[in-house]
Each structure stands twice: as structure tokens, then as C-alpha cells.
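Following: one structure in C-alpha cells, then a few remarks.
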2 protein chains.
Amino acid sequence: MSQHVSCNDCSLSPVCLPLAVAPAQMDQLDNIIRRGRPLKRGEHLYRASDNFESVFAVRSGAIKTYVVSPDGEEQVTGFYMPGEVLGMDGISTAHHVSNAKALETATVCEIPFSQLENLSQQIPTLQHHFFSLMSDEIRADRELHMLLSKKSADDRVASLLLSMSARHQRRGLSSHSFRLPMSRYDIANYLGLAVETVSRIFTRFQQKGWLEVSGRDIEILDRASLCGNAPDTGTVEIQL
Amino acid sequence: MSQHVSCNDCSLSPVCLPLAVAPAQMDQLDNIIRRGRPLKRGEHLYRASDNFESVFAVRSGAIKTYVVSPDGEEQVTGFYMPGEVLGMDGISTAHHVSNAKALETATVCEIPFSQLENLSQQIPTLQHHFFSLMSDEIRADRELHMLLSKKSADDRVASLLLSMSARHQRRGLSSHSFRLPMSRYDIANYLGLAVETVSRIFTRFQQKGWLEVSGRDIEILDRASLCGNAPDTGTVEIQL
DNA sequence: CGACGCGTTGAGGTGGGTCAAATAAAGTGG
DNA sequence: CCACTTTATTTGACCCACCTCAACGCGTCG
């Protein structure tokens, strides 16, 4: 079993880290990356208070991140799909500040951060790409800020669906038909809504003929109407 | 008029960029930093769609950042106080994605980003510090996410006050008595509330004896009760 | 089969929004 | 420094989007 797939052979390389590295230097990046065993659904990739040592790129499956407040309530802070990088919020604290849990069977590439920093000293484009990745995350959070503070429940759900659609498309998959990796509970929690509200909105969107919903399987029938709900035109890029 | 204050002489250096740079290399950092003329209240430091060339450290005064959605509504995304760095959300796009506007007369240090990247290649601690800064921003956004998605209006306002208090303290100023640089409108917008709600909460907190409020002047009388409202215990660090 | 997790649906309550209007504060031109 | 406009802030009355509570259907797994 070739758990050691090189970045060169990985179908995600155009949307993942390697896009910042010239072929000649690919081996250097490849050498510091660790490919671990697959995570089973529900397994943790890391937990808050674990030492921060690495960031992770999702290879397959899906991961959710969440924080738990002192009074024990959970806040889902993001969903990470193949080609996306997570764990960057722990850099400044030496320990992770959130938890990361597999939503379904998932494989990840582990990138030891101190080695990545070293490599970034040698490969300026890699340094720049990492700054960009973090910048993207900040920008996505700004979008989310507006979504949570100004938009209706309908807008929030529409926006999430369009985001998932865009991220599928980025990987070369269908943008109109896909399966959500997360539960209604996670969606609601992430968007600051009650589960019941999310469920009702799904049925309403379906009644309006905008979606075909069957459990977690989604088919987008009328993207324009969904966009009308979501603030962002066309290229919704909420990276969450 | 010595608009060119060196980082060495700046009272903010322990909380700003220089903390990551050894004295021997301070000059290199100092040389790439540009000190501009002061901004007047209401003036823009940059606007969305301006080319992204620099990040900025606030030297005095206060700056707010905001985005404007396609349908014209404004979302305040952050408040930046002396010693804090803003503009990092533009790195990946080559243009700024938000607007930055002075809330009161303010001076900033401009740090051309490409030169900062070059310097980071030579000074590993500087590279690390910048990663940390961005990581902090992401972490703060996570906190804000929970605030907006799970917490009551009271909690949100309390949390903002405690955050402002903590940031004053970090600069060696009073943590219990300070002046808010932003309007009620900005607070409400940032926290996803109506102005009226914010105003009512201020009066209510005052009635309970938790605060002394006079316009934008705040005195914190009962921190414990405020913390009880805000989820975060003690060291509230919401960096926003 | 029974139990548990997940999703949906209905009925009813409320935190915080909206609208309206008064008051205070800040700017502006003379 | 004053009258005058504009912009903040506060307060009150009313209402609605979304939450809560409760019940039910449906897989699936021991």
C-alpha cells in the first residue's frame, strides 16, 4: 500500500502546496511531508492544547475544526476539504487552539512547521504562498463575519452551499451535484443557527425548486436564485 | 518635526514588530519602514481595490477596517490600536480586500510587503513573527466567530469592552479607564447588532453598576460581572 | 427487535430588530 | 463666541425572524 504518494503524483498538487514550488525543488518539500494512516470518521487529527508542531493538508475526506468555550459549548470554526490546509491558528501559541476531527474517513499530509519555516527561508515562493494561504484564511473570516453579523438564515445556508459547490469545482468535480460531508448539526453550529432552522431552509429551498436535497446529497438546480440570496455574486469563495 | 522616529526610540517597540528582531538587525527593519504624515479622522489609509503593497503598524490613534458588500452595506471587520498591524488580508490578492479608515487622528508606519518578505528571508525570527501575527489574527477571528454565532448581545458588548481594556493594558495604560475611539454605530456594526441595542446595553450595564459611561469615556467598575457575561475568563485577548 | 443518532415538522415564545422621536454633541460659517 | 446644520446617542413602542420545546420518521447497528 503506497501510503507514500509523492506530491508529484498527487492529483491535488495544482490546488495544494506544491503550486508554489518549482519542479526542481519539489523533492525538498516532498521530503519533509509525512503521510500518516487514514483517520476514521470521528477521529481527531489534533486537539486544542496538543503541542503545535505541524500544519496539515487534507488529501481525501473532510475535516472539521471547532473550539470549545469555557462553559462547554462547541463552536465549529471551519470545514476543510481536499487540497486545503488547516492548523495555522496554532503558530503563535506553540499549542493548538482548536480541535480537528474527521467528518468521514480522511487522509492528510502532515507538514512539520519548523521544517516548513526552514524551507521557506530557501524557497521565497513557498514563503509567499504560505503568507497567501494565511491571508486567504483571514479574508474568508472577514466574509464569514459579514455573513454572521448581517445576513439572514436563508443567506447563510445559501452561501454555505455555494461555497461547497465552488470548492468542489476547484477540484475538478461537479459544481452542481455533490454530497455534504457534515451533519445538519455542524452546518447549524457553524452558521450560528438552530438545527431546525437549517432543516427548514433546506426543505424550503427544495420547495422553491432551487435544490434537490436527499439527506446529505445536494443538487443545485437554480444557482442564480441561490446567489440572489447569498450576498456574493458568482464566484463565491468563502474558503472557511 | 521628527516624523522619522526610529523603531529604537518608539515606545511601542515591545508590542510591535521590533520585538522579533535582534538589536543588531534593527536597522535593516528600520530602513524599510516608511513613516507617513498623520491621517486625519475619516481619512482612508487604503481602500479595497487599491494595489496591495504594504502592511501597516499603527503608531498612534486608531483605525477601523471594513468591507462593503455588493449591495452596499458596510461591515466593520476590525479595530486597530497602536502597536497592532493591519492590511494582511491583501497578501494573496495583490489588491486590498478591505478599507481602512482613521477613527481619529492617527499615525502609521508603512511596511512595504515585498521588502518585508525579503528581510524575512534573512531574519528567521522576523518570518516567524509574521506568521505568528497572522496566526493571531486567525485565532481572534475564531473567537469572534463564536461571539457572533452563539453569544447574546450583552456578552458581545461586554467582550468588546474587555478586549479594549486588555489592549490598553498591553500598552501600559489603565485597564479600567479609557476612551473608545469608535462610535456606537461602529460597535454595533462590528458586533452584528443594532445601534439602539448597543446603546441600551451601555445604559443597562451602567445601571447595574458595572460601568461608568459618559459618551465614549468608559470606566470599568465591576470587571468580574462583565467577565461573567463574556465567555472568556480573565485574560480576554480577542484581538479583533 | 430496541436503541440511538440524525433529520424533519409543528406550535409557541422572545431577544433583539425596526420605526419614530427627543436630546446631546460636534462641526461650520459668520 | 454664537446661531445653525449635521451627526451621534438615547429612549420608547411595537414586531418578527429565529429559537426552544416537543414529537415523530427513518436508517443502522449491536
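To find a chain, count down the sequence lines: A is the first, B the second, and so on, and within it residues start at 1.
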Any side-chain donor paired with an acceptor under 3.5 Å for B/T77 and B/S98?
-> no

Under-3.5 Å donor-acceptor pair between A/R204 side chain and C/dT8 base | no

Below 4.0 Å: OP1/OP2 of C/dG17 and any side-chain N or O of B/T197 = yes

Is any NZ, NE, NH1 or NH2 atom of the basic residue among A/R142 and B/D141 found under 4.0 Å from an Asp or Glu carboxylate oxygen of the other?
-> yes

Proximity to the side chain of B/A194 - top-ranked nucleotide from D/dT10, D/dC19, C/dG17 | C/dG17

Give a yes/no answer on whether the side chain of B/R41 brings an N or O atom under 4.0 Å of OP1 or OP2 in C/dG27.
-> yes

Rounded to whole angstroms, how far apart are CZ on A/R179 and P on C/dC6?
-> 13 Å

Go through the N and O atoms of the side chain of B/R200 and the base of C/dG15, and report whether any donor-acceptor pair is under 3.5 Å.
-> no

Nearest of D/dC18, C/dG7, D/dA8 to any side-chain atom of A/S152?
-> D/dC18

Can you check whether B/K101 reaches B/I63 side chain to side chain, under 4.5 Å on heavy atoms?
-> no

Taking only side-chain nitrogens and oxygens of B/T203, does any of them come within less than 4.0 Å of OP1 or OP2 of D/dT11?
-> yes

Examine distances only and state if a side-chain atom of B/H145 and a backbone atom of A/Y190 form a donor-acceptor pair shorter than 3.5 Å.
-> yes

Please figure out whether B/D186 or A/I201 has its closest DNA chain D nucleotide nearer the 5' end.
-> B/D186

Apply side chain to side chain donor-acceptor pair (under 3.5 Å) to B/T107 and B/S60, showing your working.
-> CA-CA 5 Å; B/T107 54; B/S60 68; 2.7 Å; yes

Bend angle of the helix from C/dC1-D/dG30 to C/dG30-D/dC1, end axes from five pairs each (to 10°) = 50°

Hey, does A/G192 reach any base, or is it just sugar-phosphate, or nothing, if we go heavy atoms under 4.0 Å?
-> sugar-phosphate

Are A/E110 and A/R59 close enough for a salt bridge, meaning some N to O gap below 4.0 Å?
-> no

Between D/dA17 (P) and B/L193 (CG): distance, integer Å = 18 Å

Send over the distance from A/E196 CD to C/dG7 P, rounded to a whole Å.
-> 12 Å

List the steps, then state whether side-chain contact (heavy atoms from CB on, under 4.5 Å) holds for B/S165 with B/I220.
-> CA-CA 9 Å; B/S165 164; B/I220 295 181; 3.9 Å; yes

In whole angstrom, give the distance that lies between atom CZ of B/R184 and atom P of D/dT7.
-> 19 Å

Between atom NZ in A/K150 and atom P in D/dA17, what is the gap in whole Å?
-> 18 Å

Can you tell me the distance, in whole Å, between the NZ atom of A/K151 and the P atom of C/dG16?
-> 21 Å

Could A/R139 and B/D89 be called an ion pair, given the rule that one side-chain N must be under 4.0 Å from one carboxylate O?
-> no

Decide yes or no, distance alone: a donor-acceptor N/O pair under 3.5 angstrom between the base of C/dG16 and the side-chain of B/R156.
-> no

Rounded off to whole Å, could you give me the CG-to-P distance for the B/L148 and C/dG16 pair?
-> 13 Å

With the side chain defined as heavy atoms from C-beta on, A/S199 is closest, among C/dG7, D/dC21, D/dT11, to C/dG7

Rounded off to whole Å, could you give me the CD1-to-P distance for the A/I187 and C/dC6 pair?
-> 13 Å

Would you classify A/S183 as touching base, sugar-phosphate or nothing, given that sugar-phosphate means primed atoms plus P, OP1 and OP2, and contacts are heavy atoms under 4.0 Å?
-> sugar-phosphate

